[in-house]
Amino acid sequence: QKEVEQNSGPLSVPEGAIASLNCTYSDRGSQSFFWYRQYSGKSPELIMFIYSNGDKEDGRFTAQLNKASQYVSLLIRDSQPSDSATYLCAVTHNNQAGTALIFGKGTTLSVSS
Amino acid sequence: GAGVSQSPSNKVTEKGKDVELRCDPISGHTALYWYRQSLGQGLEFLIYFQGNSAPDKSGLPSDRFSAERTGGSVSTLTIQRTQQEDSAVYLCASSPRGQGSNGELFFGEGSRLTVL
C-alpha cells in the first residue's frame, strides 16, 4: 500500500509568520508532487506542484522536494487568516492502469490575526 | 458547464439500499478519479480511469463498491447494500493528462451520502 503521511495538526501560527507543512511518501517511483488547499466544506484546489528536487516559489508559497529523503514540504510566508484551511499533499503512483494521485490526510492550518 | 459536475449533491438512504453517484468530467479530460472523504478526514482514493485502459480499482474498500465509465466520459459509482460507514462525501475529479498537462485534478463539489 503506497502511503502519503502528514501531521494532522492543527498547526497554529500568528498572522505574518511562516507556516511550514511537511509530507513524506513511501513510493520511490513517484515523480510528481502536489499541494492542494481545502477550505471547510469545499473541494480541494491546487496551489502548487513540483517535479524536481529543490525549491519552487510562487508568490508567498514555496514547495520543497527531496526525493532521496522522500520528503516534500510547503512554506507559506507572511501567513494570513485567509490561509486557514486544510493542506493536502498528493503524490503520483504509477501502476499498470496509469498514474493515480494519492493524497495524505491533510494538515489543518490556523492563522490567528 | 465548464467544471466537473456531480449528482446528486446530497443523498440520504437507508441501510441496505443501493445508491448510484454520477460524475460528468470536464470535456476532453482523459483521467477520472473517485475519492471518498469522511468527516474531518483526508481523501481516500477509490478508483481511477485513464482513457481506455483498465481502471485502477485498488482503492475500492469492498466488493459492494463498483464504478464504470461509459464512452470515456461520464462515470457512475455504485454502492450496493449500503452501510452506515459508507456515509461520506464522494468526490470526483478529472484531469487532462497528456502533453502539456501538469497533472492537476479538477474536483467536483461532491456527493454527500448519508446512510441511516
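Chain A is the first sequence line, chain B the second, and so forth, proteins listed ahead of strands; every chain is numbered from 1.
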Check whether B:Y35 gets within reach of chain A through its side chain, its backbone, both or neither, counting any heavy atom under 4.5 Å. side chain
Taking every non-hydrogen pair under 4.5 Å, which of A:L101, A:T86, A:T92 racks up the most with chain B? A:L101
Without swapping roles, check the side chain of A:N53 against the backbone of A:K67 for a donor-acceptor pair under 3.5 Å. yes
Structural part of B:Q37 lying under 4.5 Å from a heavy atom of chain A: side chain
Is it possible for you to say whether B:V4 and A:L88 belong to one hydrophobic cluster, with membership spreading through side-chain heavy-atom contacts below 4.5 Å? no
With a 4.5 angstrom heavy-atom cut-off, which part of B:L43 approaches chain A: side chain, backbone, both or neither? both
Partner of B:R64 by side-chain hydrogen bond (donor to acceptor under 3.5 Å, both in side chains), out of B:D86, B:D18, B:T78: B:D86
Minimum heavy-atom distance between A:P44 and B:F107, given as atom pair plus value: O-CD1, 3.5 Å
What closest approach, in Å, do B:S66 and B:L77 show between heavy atoms, and which atom pair accounts for it? O-CD1, 3.4 Å
Please classify the contact between A:Q38 and chain B as side chain, backbone, both or neither, with a heavy-atom cut-off of under 4.5 Å. side chain
